[in-house]
Amino acid sequence: MPSYQAPLRDMRFVMDEMFDYPAHYASLPNGEDASPDVVSAILEEGARFARDVLLPINQSGDAEGCLLEGGEVKAPKGFKEAYQQYVEGGWPSLAADPEQGGQGLPPSLAMMLSEMICATNLAWGMYPGLSHGAADALRHHGTDEQKATYLTKLVEGVWTGTMCLTEPHCGTDLGLIKTRAVPVADNAYAITGTKIFISAGEHNLAENIVHLVLAKLPDAPEGSKGISLFVVPKFLPNAEGNPGERNGVTCGSLEHKMGIHGNATCVMNFDGATGYLVGPPNKGLACMFTMMNAARLGVGIQGLGLIEASFQNSLSYARDRLQMRGLSGKQAPEKPADPIIVHPDVRRMLLTQKAFAEGGRMLVLYTAQMLDVVEHGEPGEDRDHAETLLGLLTPIVKAFLTEVGFESTNEGVQIYGGHGFIKEWGMEQLVRDARITRLYEGTTGIQALDLLGRKVLMSQGESLKMFTKEIHKFCKAEADNADLKEFVEPLSKLNAEWGELTMGVGMKAMQDREEVGAASVDYLMYSGYVTLAYLFARAAKQASLSLTGEEKSFYAAKLNTARFYYQRLLPRTKAHAQMIQSGAGSLMAMSSEDFGLGFEI
């Protein structure tokens with residue numbers, strides 16, 4: 001079975017030394033509740049829960065999967081008991097509003113817990129995962145009655161939530177949905193339709209499931225402008241607010257999937273189910289985006305957690321596995337062969353995992369600080385600034401971390417060699433689980449269009465300028481720092497090139513909108529690599545100040561990892577830049593018929 005230890009030392013380095021989280025928390029309203037002692041205790045206990053409760057049922061849950069009988073889904077053995085411990089520990093309410101029974105702590109703390117959960121049992125973590133987003137959507141857009149009925153239950157974790165968007169004939173293009181909502185008595189609607197790929201749509205972990213469902217009213221306009229949002233509980237709450245009559249929503253089947261076998265991915269049938277409108281009519285997509293944005297950050301954290309899990313186990317295996325002798329001679333002469341960690345190519349793969357894990361953690365915690373300000377900060381310029389940067393970085397967090405997450409878990413299998421392909425080692429499960437993260441909550445292509453098309457070009461580049469200005473200030477301040485020259489000089493050049501590439505795409509797009517789609521994924525990956533380069537430069541600065549202390553080896557490793565990133569991973573930006581500049585011509589030249597193979601298929 002794979003092992004796992006939460007990377008608490010690295011978390012503390014990023015939170016306390018790089019981003020000064022203690023001062024950040026103190027600046028928030030009621031931030032005194034997130035004192036260093038409280039934060040430390042939460043992280044330590046979260047690490048124990050992930051390691052001792054979730055990890056032992058990860059492989060067994062993957063092997064057993066979920067069982068559908070008579071419309072009821074049974075999660076794998078141990079999942080329900082783990083969820084009960086999760087609720088009893090108060091984990092669901094960590095960052096929720098105290099008015100709804102939450103603890104009122106900053107969202108960033110919940111994000112660190114999420115990394116540990118994703119690293120140890122991604123499938124289990126998906127059951128409570130969307131509940132936070134469902135609660136946010138209701139908090140922002142629900143009526144007072146809906147808040148009173150559903151929010152406290154979701155915050156406590158005794159009820160869970162889902163997001164029901166996709167239908168058999170449409171995925172991203174939600175304007176094509178066929179699910180209908182017909183008005184009936186008492187402000188209720190009869191919801192009829194089928195939704196697919198619904199994570200945790202049916203299960204036995206909680207006493208009720210609150211579905212947030214996109215549907216169209218009878219007089220709705222065509223397309224996405226005619227979508228409304230409804231809350232549809234599995235059991236209709238009775239007068240006391242407890243689960244009452246069973247609603248007309250059932251699980252028709254479970255999807256047979258490549259990975260995340262322990263999570264019930266359901267086909268959900270709504271047969272005249274009673275639902276209630278959330279937000280204004282025909283504005284459901286805007287309301288749902290409150291939930292989707294939280295989910296996008298959550299999926300990026302899934303990528304990070306899987307990178308860390310794969311790296312830890314790859315490193316342990318590489319230290320123990322004996323194979324060949326080092327190219328420069330025996331490294332362990334007392335043994336029949338050397339550990340494979342002595343071989344350069346194994347080190348390349350390990351350092352790739354390590355760099356993406358540490359860089360991803362910096363990105364998540366950098367973004368989490370902005371989320372704290374947006375959720376808890378006072379209205380004003382600082383919150384507006386944080387909200388703009390959060391919007392810019394959210395698609396990067398989601399797509400970049402899941403792309404490199406899949407790469408990193410694949411490298412884990414490669415490090416194990418043939419053993420990586422064998423199930424009992426657990427490495428192939430990480431690959432299978434990681435693969436879905438590039439798809440749900442918007443594919444990499446959709447995230448890329450959001451970044452380049454909506455966040456950058458539609459703002460005339462203002463959101464990007466806000467971020468590149470921050471990078472420029474850092475580079476200017478450290479221009480004379482000889483210890484950071486190897487980081488600052490290439491970062492400064494890439495920062496300038498980022499703006500030039502953006503302008504180039506924007507100019508082409510004025511003549512041909514296809515240029516945006518042609519450049520978008522490479523643009524997102526380029527943006528991700530440069531963003532991590534900025535964060536690694538800041539990490540290198542912090543580490544260089546501590547090289548003479550008691551933890552010299554930790555800081556030296558941080559510098560070496562930053563150096564590896566700049567020399568071995570950051571050059572990928574050159575290829576992405578060239579592909580961005582190549583334009584849409586070769587992509588759009590052929591008609592769809594020209595893609596043929598010379599015979600009918």
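All values below come from the heavy atoms of this structure, side chains included, with hydrogens, waters and symmetry mates left out. Just so you know, these numbers come straight off a predicted model, no measurement behind them.
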Before we go on, tell me: are the rings of F474 and Y534 under 6.0 Å apart, centre to centre? yes
Would the number of heavy atoms belonging to other residues, nucleotides or ligands and lying under 6.0 Å from CD of E424 be above 12? yes
Once rounded to the nearest 0.5 Å, what's the spacing between atom OG of S527 and atom CG of L494? 11.0 Å
Ignoring hydrogens and angles, tell me if any N or O in the side chain of S544 forms a donor-acceptor pair with the backbone of K541 under 3.5 Å. yes
Short side-chain to backbone donor-acceptor contact, Y127 and K80, under 3.5 Å: no
Should the heavy atoms of other residues, nucleotides or ligands under 6.0 Å from CZ of R348 be counted, would the total exceed 12? yes
So does K493 pair up with E497, basic N to acidic O under 4.0 Å? no
Partner of R296 by side-chain contact (heavy atoms from CB on, under 4.5 Å), out of V397, T394, I301: T394
Calculate, to the nearest 0.5 Å, the distance between atoms NZ and CG belonging to K558 and L547 respectively. 12.5 Å
For F564 and A355, work out which heavy atoms get closest and say how close. CD2-CB, 4.2 Å
Answer yes or no: is there an ion pair linking D450 with K455, defined by an N-O contact shorter than 4.0 Å? yes
Do you know which of K398, R438, E403 makes side-chain hydrogen bond (donor to acceptor under 3.5 Å, both in side chains) with T444? E403
Does some side-chain heavy atom of Y21 sit less than 4.5 Å from a side-chain heavy atom of D372? yes
N58 vs T120 side-chain heavy atoms within contact, under 4.5 Å: no
F487 and F536: CA distance, side-chain angles, deciding distance, ring-ring contact (aromatic ring centres under 6.0 Å, His included) verdict: CA-CA 8 Å; F487 306 112; F536 266 117; 8.7 Å; no
Under a 4.5 Å cut-off applied to non-hydrogen side-chain atoms, are M362 and L532 in contact? no
SB check K473 E470 (cutoff 4.0 Å): no
Check: S314 side chain, S310 main-chain N or O, donor-acceptor pair, under 3.5 Å: yes
If you round to the nearest 0.5 Å, how far is CG of D136 from CD of E375? 6.0 Å
If the plane angle is over 60° it's perpendicular, under 30° parallel, otherwise tilted; pick one for Y83 and Y86. tilted
Hey, does the side chain of T409 reach the backbone of G405 with a donor-acceptor pair shorter than 3.5 angstrom? yes
Ignoring hydrogens and angles, state whether a donor on the side chain of S108 or H24 is under 3.5 Å from an acceptor on the partner side chain. no
Polar side-chain atom of R347 near backbone of I341 as donor-acceptor pair, under 3.5 Å: yes
Would you please test L392 and V456 for side-chain contact (heavy atoms from CB on, under 4.5 Å) and show each step? CA-CA 8 Å; L392 177 76; V456 176; 3.9 Å; yes
Quick one: do L389 and Y366 satisfy side-chain contact (heavy atoms from CB on, under 4.5 Å)? Show the steps, please. CA-CA 10 Å; L389 277 186; Y366 177 71; 4.2 Å; yes
With distance as the sole criterion, is a donor-acceptor pair present between the side chains of E81 and Q85 under 3.5 Å? no
Test item: V364 and L401 side chains (from C-beta on) under 4.5 Å apart, heavy atoms: yes
Mark yes when over 12 heavy atoms from residues, nucleotides or ligands other than Q414 sit less than 6.0 Å from its CD; otherwise mark no. no
A side-chain contact here means heavy atoms from C-beta on lying under 4.5 Å apart; do Q447 and T402 qualify? no
For the residue pair T352 / E407, report whether a side-chain donor-acceptor contact shorter than 3.5 Å exists. no
So, taking the atom named CD1 in I307 and the one named CD in Q312, what distance separates them when rounded to the nearest 0.5 Å? 12.5 Å
For the CD atom of E441 and the CG atom of L165, what is their distance to the nearest 0.5 Å? 8.0 Å
Going by heavy atoms in the side chains, are M15 and Y25 under 4.5 Å from each other? yes
Under 3.5 Å donor-acceptor, D522 side chain and I580 backbone: no
When you compare the side chain of Q302 with that of C118, does any pair of heavy atoms fall below 4.5 Å? yes
CG on D10 to CZ on F554, rounded to 0.5 Å: 5.0 Å
Answer yes when E64 and K77 have at least one side-chain N-carboxylate O distance shorter than 4.0 Å, and no when they do not. no
Side chain of T437, backbone of G303: donor and acceptor closer than 3.5 Å? no
Looking at A309, is its backbone amide N or carbonyl O close enough to the side chain of N313 to form a donor-acceptor pair, meaning the two atoms are under 3.5 Å apart? yes
If the threshold is 4.0 Å, N to carboxylate O, is there a salt bridge linking R9 and E17? yes
Is there a side-chain contact between F197 and I436 in this structure, where contact means two heavy atoms from C-beta onward sitting under 4.5 Å apart? no
Going by an N to O cut-off under 4.0 Å, is there a salt bridge joining D62 and R432? yes
Can you check whether K330's main-chain N or O pairs, donor with acceptor, with D338's side chain at less than 3.5 Å? no
Once the angle between the rings of F400 and F356 is folded into 0 to 90°, is it parallel (under 30°), tilted (30 to 60°) or perpendicular (over 60°)? perpendicular
Donor-acceptor contact present, side-chain Q59 to main-chain I57, <3.5 Å: no
